[in-house]
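Below is one structure, written out as structure tokens; comments come after it.
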Number of protein chains: 2
Amino acid sequence: MPKEVTLRDVATQVGVSPRTVSRVVNDEGGFSEATRQKVLDAVEQLGYQPNMLARGLITRRSGTVGLVGGGMTDPFFPALAERIQRKAREAGRTMFFASTDSDPARQADVLKSLWSHAVDGVIVFPALDTIDQLTSYARRGLPVVIVDDQADAPNLACVSFDLEAGAAMATRHLLDTGRSRLGMIASSLSPPRRRNRERGFLRGLRDSAAGASPPEVVRMLPTVEGGETGMGQLIDRRPDIDGVFAYNDLVAIGAMRAAKARGRRVPDDIAVVGCDDIDMSSLVTPALTTVRLDRPLLSEEVTQALHELIDAPGIPRDPVKLPVELVVREST
Amino acid sequence: MPKEVTLRDVATQVGVSPRTVSRVVNDEGGFSEATRQKVLDAVEQLGYQPNMLARGLITRRSGTVGLVGGGMTDPFFPALAERIQRKAREAGRTMFFASTDSDPARQADVLKSLWSHAVDGVIVFPALDTIDQLTSYARRGLPVVIVDDQADAPNLACVSFDLEAGAAMATRHLLDTGRSRLGMIASSLSPPRRRNRERGFLRGLRDSAAGASPPEVVRMLPTVEGGETGMGQLIDRRPDIDGVFAYNDLVAIGAMRAAKARGRRVPDDIAVVGCDDIDMSSLVTPALTTVRLDRPLLSEEVTQALHELIDAPGIPRDPVKLPVELVVREST
DNA sequence: AACGTTGGCGTCAACGTTGACGTAGCTGCC
DNA sequence: GGCAGCTACGTCAACGTTGACGCCAACGTT
């Protein structure tokens, strides 16, 4: 990288000290309108860009935030990442993106790397059993926003959807539309603490007056393939199954494929409900009934929480739980 | 952010100078095996992490690369971004991700921001008419890899798929399977220079011995909605149309929806070919015939080009053109 | 014994910026 | 006239690291 334009270059051109240029650039005050204009003109003319590394070295603010997710293969994530990135840029920060493949070790690497780049804060979709890892960083002073899990520490905020309520809604919807032999395809990547969907599913069943038969639950990787094998197993275990709630829409889509492959019609023979409401869900046939997670809302809450943690450190934040909504389409 | 562990901390603990610790950490040589061990132990024990900002300030290498794309709503991009990010991490670099919404002004902002963060290089899916912008950065010393467009400058490499050949293959496939009244839904975001798909489509028609009737081409936003309106227009203009090549798979999926909505069966009444081979394409019904772009290959080529530009600047690189492949499924 | 060479390490300055502090000149007020 | 208080700057050091260079002891060579 060749020479860049520095504060000093601007300063000598204008005939002031670098410190004054710095004041103007950062709008600190303490300069006359006349010098302000001259400095800004020179900045424009020379094409000066502040060196964020130097600034970050001294202010301990790099103007960057990290977004750490399990992966981008689930379409839920990219759409969210894009919104978060937009909001970060509106707040004048640049986003580092990193995916962990849902692997705790990789997540550790990623956080180490982000830390050494002095990110101002991170938003994390945590991998399995990594809450301690995250609270440790938070305690060391890194603002952390955790999505879809709970923890308590300084510099830490939690935002999640009310998935338990969503799952209960989905279950009740299945029961209300006449299904009584239900199953669920859950995720093998969720530790017990985070099995809100399963809790909601069971609660929905318990709450229902109608005495539905005991449910089947299988746990799979949360992918289309996982949904396919999951549905296969459910049908094997309980051939008369007539309603399935899936961990997410990808799983649900896989489940519908498997059902069709086994000659069961959706929704006539078996109803399927997903969770997320990814773009694809309204495009498949039959269009998927699903629990919609409001991504604009989530990105709003998450970035706001992060920026508050960064700009006003120390003040504790209550965990946020966001409402969800059932979108009924053709698969039920 | 509270105090971090620095070279000096490690140095005083071991009883050597910071410079020596630096030598060990960077494996520069010039130290004994004994001190190496002691230093590494201390590094481990204190949890030392090099401060990339300070290092970058002096070496002018920040250990970061930028990935600049139009957006993540097209599923083609995330899958690619993830692979590129993985490769970057394998090479010891961290990835900044930034989306431009395909807006030249936003792209300018994004590049400015990345530049001020002293990224070592960028991979860009360029927005409309931004080649000058990019070559300007390249000339100022920033390694730039441009995907799917051409330019010539120092510090610049180009990688693209042979979309013209792919489009020609798709077109010939349509003709070979008995379609003769063809249309294409192209992208309104492609400048004339980058309309390789259209060129291939027309070439495929010209090359065919059978005298097919003159084709219709409409230009839409490359989204599902764009595909829907595009197919609508094609049918209006030419009610007997029986084969459509779409700019990408999202457009193709939209086109199939519109065809069905108008009572035309796919593939019986009208055949549809897409381009990209996103995951969704094998999942929709009918499964989409498409021109597959090999994402692992692209990410490999792109990252290799970038790392070569970074590590061996100055040597010119010929543009790379990657082969594509037709995947025949049910929609033709 | 004198000399060059090498390995192993320290010293110092610099990267570009900002925090802390200093100061010259002016204004206003008793 | 003296002094406080302001405005508009400048000066200096520091952030954590590495590049350039220098130094000393140990070793081999003539």
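These values consider heavy atoms only, across backbone and side chains, with no hydrogens, waters or symmetry-generated copies. Numbered from 1 within each chain, the chains take letters A, B, ... in sequence-line order.
A:Thr20 meets the side chain to side chain contact (heavy atoms under 4.5 Å, CB included) test with A:Val16, A:Ser17, A:Arg23; sequence neighbours excluded.
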Worked check of side-chain contact (heavy atoms from CB on, under 4.5 Å) between A:Arg93 and A:Ile310: CA-CA 11 Å; A:Arg93 295 184 226 269; A:Ile310 293 174; 3.7 Å; yes

Derivation and outcome, side-chain contact (heavy atoms from CB on, under 4.5 Å), residues A:Ile131 and A:Ile146: CA-CA 9 Å; A:Ile131 288 296; A:Ile146 297 182; 4.0 Å; yes

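Rounded to a whole Å, the CZ atom of B:Arg55 is 17 Å from the C1' atom of C:dA14. To the nearest angstrom, P of C:dG16 lies 8 Å from CG of A:Asp9. One atom, CD1 of B:Ile58, and another, P of C:dG16, lie 10 Å apart when rounded to the nearest Å. Across the protein-nucleic acid pair, A:Tyr48 atom OH and C:dT18 atom C1' stand 11 Å apart, rounded to whole Å. The CD atom of A:Gln49 sits 14 Å away from the C1' atom of C:dT17 (whole-angstrom rounding). The distance from atom CZ of B:Arg8 to atom P of D:dG16 is 8 Å, rounded to the nearest whole Å. In this structure, A:His117 places its NE2 atom 14 Å from C1' of D:dT17, rounding to the nearest Å. Taking atom CG on B:Leu57 and atom P on C:dT17, their separation rounds to 9 Å, with Å as the unit.
The pair B:Arg89-A:Asp109 does not count as a salt bridge, with every side-chain nitrogen at least 4.0 angstrom from each carboxylate oxygen. Comment: B:Glu82 does not engage B:Arg295 in a salt bridge, judged by the lack of any side-chain N to carboxylate O separation of less than 4.0 angstrom.
The shortest distance between the side-chain N/O atoms of A:Arg60 and the OP1/OP2 oxygens of D:dG16 is below 4.0 Å.
In this structure, D:dT30 forms a base pair with C:dA1, meeting either the Watson-Crick or the G-U wobble geometry with both donor-acceptor distances under 3.5 Å.
Listed by first then second residue, pairs satisfying ring-ring contact (aromatic ring centres under 6.0 Å, His included) with a partner in residues 16-63 of chain A number zero, not counting sequence neighbours.
Listed by residue number, A:Ser17, A:Arg19, A:Thr20, A:Arg23, A:Gly30, A:Phe31, A:Ser32, A:Thr35 are the residues of residues 17-40 of chain A with a heavy-atom contact under 4.0 Å to DNA chain D.
Heavy-atom distances to DNA chain D give each of B:Leu7 and A:Gly15 a nearest nucleotide, and the one nearer the 5′ end belongs to A:Gly15.
Of the candidate nucleotides D:dT18, D:dC15, D:dG10, D:dG10 has the atom lying nearest to any side-chain atom of A:Val16.
The ring-ring contact (aromatic ring centres under 6.0 Å, His included) test with A:Phe125 is passed by exactly one of A:Phe97, A:Phe76, A:Phe77: A:Phe77.
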